[in-house]
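Just so it is clear, the values below take in all heavy atoms, side chains as well, and ignore hydrogens, waters and symmetry mates. Order of the sequence lines sets the chain letters (A, B, ...), proteins ahead of strands, with each chain counted from 1.
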2 protein chains.
Amino acid sequence: MKSFIAKQYACPVEYTLTLIGGKWKPVILWHLANDGIKRYGEIKKLLIGITHKMLSQQLKELEADGLIHREEYHQIPPKVEYSLTDKGKTLIPILQLMCQWGQENMEHI
Amino acid sequence: MKSFIAKQYACPVEYTLTLIGGKWKPVILWHLANDGIKRYGEIKKLLIGITHKMLSQQLKELEADGLIHREEYHQIPPKVEYSLTDKGKTLIPILQLMCQWGQENMEHI
DNA sequence: CTGCATCCCTTTAGATACTG
DNA sequence: CAGTATCTAAAGGGATGCAG
């Protein structure tokens with residue numbers, strides 16, 4: 001999942017999934033898509049069960065892939081806000097489709 | 001990724017990704033969507049680099065999740081054919097969207 | 001040809017502690 | 001409040017051999 005390493009993809013779907021796949025990334029993107037700008041701490045409260053380390057890591061990767069924007073305010077205490085970039089916003093239809101499909105199918109578990 | 005274990009999902013997207021996420025599943029589904037019925041060996045030839053173990057595992061999980069159908073012919077040598085179920089076919093739009101998004105964005109790497 | 005089991009190594013993620 | 005580093009436990013995936 002190290003986005004900066006050159007890699008060969010057999011299929012574009014595989015590439016897309018390296019950017020938005022995984023346990024946390026889609027949920028992070030989903031919240032930013034719905035709520036716009038969010039602070040680090042706010043995101044952490046929304047993602048029940050995520051560890052501090054994981055959230056930092058995921059946000060860092062999403063930023064490196066140009067999907068989210070990181071705005072840092074140099075204050076004490078620090079304050080950092082995250083939001084979707086234009087590229088990130090183009091993923092919303094995909095997230096919506098997956099969300100819809102999940103809702104329609106997961107109830108039969 | 002053990003699909004038969006009860007699990008809580010914070011978001012339907014997460015559930016969807018446990019079914020179609022990962023390195024191989026979307027590609028397998030993609031090929032079955034395009035070509036219809038395929039034999040085990042044919043799929044293996046299409047997925048460059050996949051190991052024997054991985055393919056068996058992924059196919060088994062996809063079958064357990066009701067996304068693909070497994071038709072076994074009791075012959076010597078054995079012959080097994082795989083195809084999408086109706087449920088599996090409902091995923092095609094999602095795969096198409098992800099494929100399209102990947103094509104439009106991965107060229108800028 | 002297709003599938004399962006085992007061994008083993010690599011990768012990933014959780015817990016904890018520390019910095020600005 | 002936000003982020004980093006380290007250590008460790010657990011999961012993932014490759015290679016190989018055996019079975020129907």
Residue pairs fulfilling salt bridge (Lys or Arg N to Asp or Glu O under 4.0 Å) with at least one residue in [range], sequence neighbours excluded:
range                      : result
residues 39-58 of chain B  : none
residues 69-82 of chain A  : A:Arg70-A:Glu72, A:Lys79-A:Glu81
residues 94-103 of chain A : none

Ring pair (Phe, Tyr, Trp, His ring centres under 6.0 Å) pairs touching residues 62-107 of chain B, sequence neighbours excluded, are none
Distances under 3.5 Å between protein N/O atoms and the N/O atoms of nucleotides 13-16 of chain C, please, pair by pair.
unit_1	atom_1	unit_2	atom_2	d
C:dG14	N7	A:Lys53	NZ	3.4
C:dG14	O6	A:Lys53	NZ	2.4

Taking five pairs at each terminus, the helix from C:dC1-D:dG20 to C:dG20-D:dC1 shows an axis bend, to 10°, of 40°
(message) Does D:dC1 have its OP1 or OP2 closer than 4.0 Å to a side-chain nitrogen or oxygen of A:Arg39?
(response) no
field: Side-chain donor or acceptor of A:Ser83 paired with backbone N/O of A:Gly36 under 3.5 Å
entry: no
Applying ring pair (Phe, Tyr, Trp, His ring centres under 6.0 Å) to B:Tyr40 and not counting sequence neighbours gives B:His52
Using atom [atom1] of [X] as one end and atom [atom2] of [N] as the other, report the distance to the nearest whole Å.
X       : N      : atom1 : atom2 : answer
B:Glu81 : C:dC1  : CD    : C1'   : 13 Å
A:Lys60 : C:dT12 : NZ    : P     : 15 Å
B:Lys79 : C:dT2  : NZ    : P     : 10 Å

Contacts of B:Lys38 meeting salt bridge (charged side-chain N to carboxylate O under 4.0 Å, His left out) (sequence neighbours excluded), chain-then-number -> B:Asp35
Is any side-chain heavy atom of A:Leu47 less than 4.5 Å from a side-chain heavy atom of A:His31?
yes
With a 4.5 Å limit on heavy-atom distance, are the side chains of B:Leu55 and B:Ile28 in contact? yes
Sorted by chain and residue number, the side-chain contact (heavy atoms from CB on, under 4.5 Å) partners of A:Ile92 (sequence neighbours excluded) come out as A:Ala33, A:Leu84, A:Lys89, A:Gln96
Per the under-4.0 Å heavy-atom filter, residues of residues 68-77 of chain B near DNA chain C come out as B:Arg70, B:Pro77
